[in-house]
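All remarks here apply to the structure that follows.
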Amino acid sequence: MTALNKYIQDNLPRFVEELIELLKIPSVSADSSHNADTARCAEAVRQSLLKAGCTHAEICPTPGHPIVYAEKIVDPALPTILTYGHYDVQPPDPLELWTSGPFEPVVKDDKIYARGSCDDKGQVFMHVKALESMLANGGLPCNVKFMIEGEEEVGSNNLGAFLRENKEKLKADIVLVSDTSMISMDTPSIETGLRGLAYMEVEVTGPNRDLHSGVYGGAVGNPITILAKMIASMHDENNHITIPGFYDDVLILSEAERVELNKAPFSLEEYKKDLNIDEVWGEKGYTTLERTGVRPTLELNGIWGGYTGEGAKTVLPSKASAKISMRLVPHQKSGQIAKLFREHFEKIAPPYVKVKVTEHHGGEPVVTPTDGIAYRAAAMAIEESFGKKPVPTRGGGSIPIVALFEEVLGLKTVLMGFGLDSDNIHSPNEHYGVLNFRKGIETIPLFFKNYSQLKSNNPS
Ligand code: BES
Ligand code: MN
Ligand code: MN
């Protein structure tokens, strides 16, 4: 065992304890009643980076939640890795489905249970502890900068401006992100793409007030019924999305690319079993891997209206609403898709209701290169620590800022994530394997070493 891995092994219990302290802070970015917690979490991340050996760490205020920036520059002539992650978390509800408190972390069956344990505090903390471990065992082979934000889970709305205003400070050779998942610990993989996102909210209004559903029912359009029909009409019988122009810019994969993508290890039987569904659903003509990796979607995230309390109340509600997200693939543009959605939704509204469409956040899809030295450095690092070559996969999730790293900073990104799809991110009982955490801490220094070596052999 290398001295570095011995250090990681010996200190792992303390690393987990320290992560647990971070996980106790309910940094829910979507909920403003947690603003003080979110700020406290930023400060805790800053302190952890200083403790790990950064020579500079600061809190950068934004109109929303603050960004933590830190660095350790060993030699300006060496390459620089910019590590990105987020310390904000998703709301923990529904609380009653958690077996332990979302912000009362516990280690059970070698997994750390808490909101944010995998997405993304646990993965950010691997980088903090990898830095500490490298510095305690011979030092860093290159420079490192950290940008850990507090608004990823609400669309990173203020991070684009931060990139534009801090190009010099953020100067680097590559962005390294651990905020994605692997197929399994036995089948390590690297995500090579993220989907974009256009997130909308719609409100359908019928009569000017809630009505008695007996006195008026049958004679006045019910906004819930109408919203349900409008939503249902947005997929056709083949589960294609019916918004005109929606697919116009979708990059169609070649047959060879499709064959390659479907080579990734995947068992439909296990997938169904894990989710307790008898059959999968999706766009006709595509496999499950294609449906989540390279095809766009339209999903309902929430729907409400009328009476949902205990017992029965006879009411014909005045309003019904829904939150709808569309996942996008190259070369769809979130602004254009939001516009097409709005025009379509307004057009299909029948005359007995009024509709209001509002836009939440958006983000652009990305594909990360597999032919550059950064991917090679990550693949070699994973092969060394997992004993197996990683499989490239196309992930279905979104990290809105990644497209802007390229656009604003001219930087490519490597998505070296160590989560598993079964970690319940965004869901009750989110957890992160202690082994995943440890493997991550071991793999990051290997990436640093490989990248620095490859970079010095291939300066560009
Ligand atoms: N870490 C996730 C994205 C992710 C998860 C990518 C798993 C690949 C595999 C990230 O925190 C996230 O949840 N992003 C949001 C987008 C955001 C704008 C709310 C998402 O994908 O829904
Ligand atoms: Mn995340
Ligand atoms: Mn997330």
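Numbering of ligands and ligand atoms starts at 1, following listing order.
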Atom pair [atom1]/[atom2] of [X] and [Y] - distance to nearest 0.5 Å:
X	Y	atom1	atom2	result
Thr297	Met326	OG1	CE	9.0 Å
Thr413	Leu82	OG1	CG	8.5 Å
Ile81	Leu131	CD1	CG	11.0 Å

Report yes or no: is the cationic atom of Arg291 (NZ for Lys, CZ for Arg) under 6.0 Å from the centre of the six-membered ring of Tyr286, at an angle within 45° of the ring normal?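 No, Arg291 does not lie over the aromatic ring of Tyr286.
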
Can you tell me which portion of [X] lies within the under-4.0 Å heavy-atom range of ligand 1? Options are side chain, backbone, both, or neither.
X	answer
His86	side chain
Pro400	side chain
Val154	neither
Arg327	side chain
Asp120	neither

Side chain to side chain donor-acceptor pair (under 3.5 Å) with Ser156: of Glu149, His361, Glu151, only one passes, and it is Glu149

Look at the N, O or S atoms of Asp119, main chain and side chain alike, and state whether any lies under 2.8 Å from the Mn ion (ligand 2).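 True for Asp119.
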
Has Glu152 got an N/O/S atom less than 2.8 Å from the Mn ion (ligand 2)? no

Of all the heavy atoms in Gly155, does at least one lie under 4.0 Å from an atom in ligand 1?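 Contact check Gly155 vs ligand 1: positive.
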
For His426 and ligand 1, answer yes if some heavy atom of the residue is under 4.0 Å from a ligand atom, otherwise no.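 Heavy atoms of His426 do come under 4.0 Å of ligand 1.
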
For Tyr271, which of Thr288, Asp421, Leu289 qualifies under side-chain contact (heavy atoms from CB on, under 4.5 Å)?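 The passing option is Thr288.
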
Could you say whether the N/O atoms of Thr180 and ligand 1 ever approach to under 3.5 Å?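 Checking ligand 1 against Thr180, no N or O pair falls under 3.5 Å apart.
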
Judged by heavy atoms only, the candidate from Gln90, Glu152, Glu151, Met182 nearest atom 11 (O) of ligand 1 is Glu152

Between Val89, Asp421, Thr393, Asp119, flag the one that comes closest to atom 2 (C) of ligand 1 by a heavy atom. Asp119

Checking one value in my table: which N/O/S atom of His86 lies closest to the Mn ion (ligand 2)?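 Per the distance ranking, His86 contributes NE2 as its closest N/O/S atom to the Mn ion (ligand 2).
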
Where do Tyr432 and Phe418 land on the ring-ring contact (aromatic ring centres under 6.0 Å, His included) test, with the steps shown first? CA-CA 9 Å; Tyr432 193 42; Phe418 297 91; 8.2 Å; no

For Glu153, what is the atom name of its N, O or S atom nearest to the Mn ion (ligand 3)?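 Answer by atom name: OE2.
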
Can you tell me which residue among Lys169, Lys145, Arg46 is in a salt bridge (Lys or Arg N to Asp or Glu O under 4.0 Å) with Glu58?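 Single salt bridge (Lys or Arg N to Asp or Glu O under 4.0 Å) partner of Glu58 among Lys169, Lys145, Arg46: Lys169.
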
Phe437 vs Phe125 aromatic rings, parallel, tilted or perpendicular, using cut-offs 30° and 60°? parallel

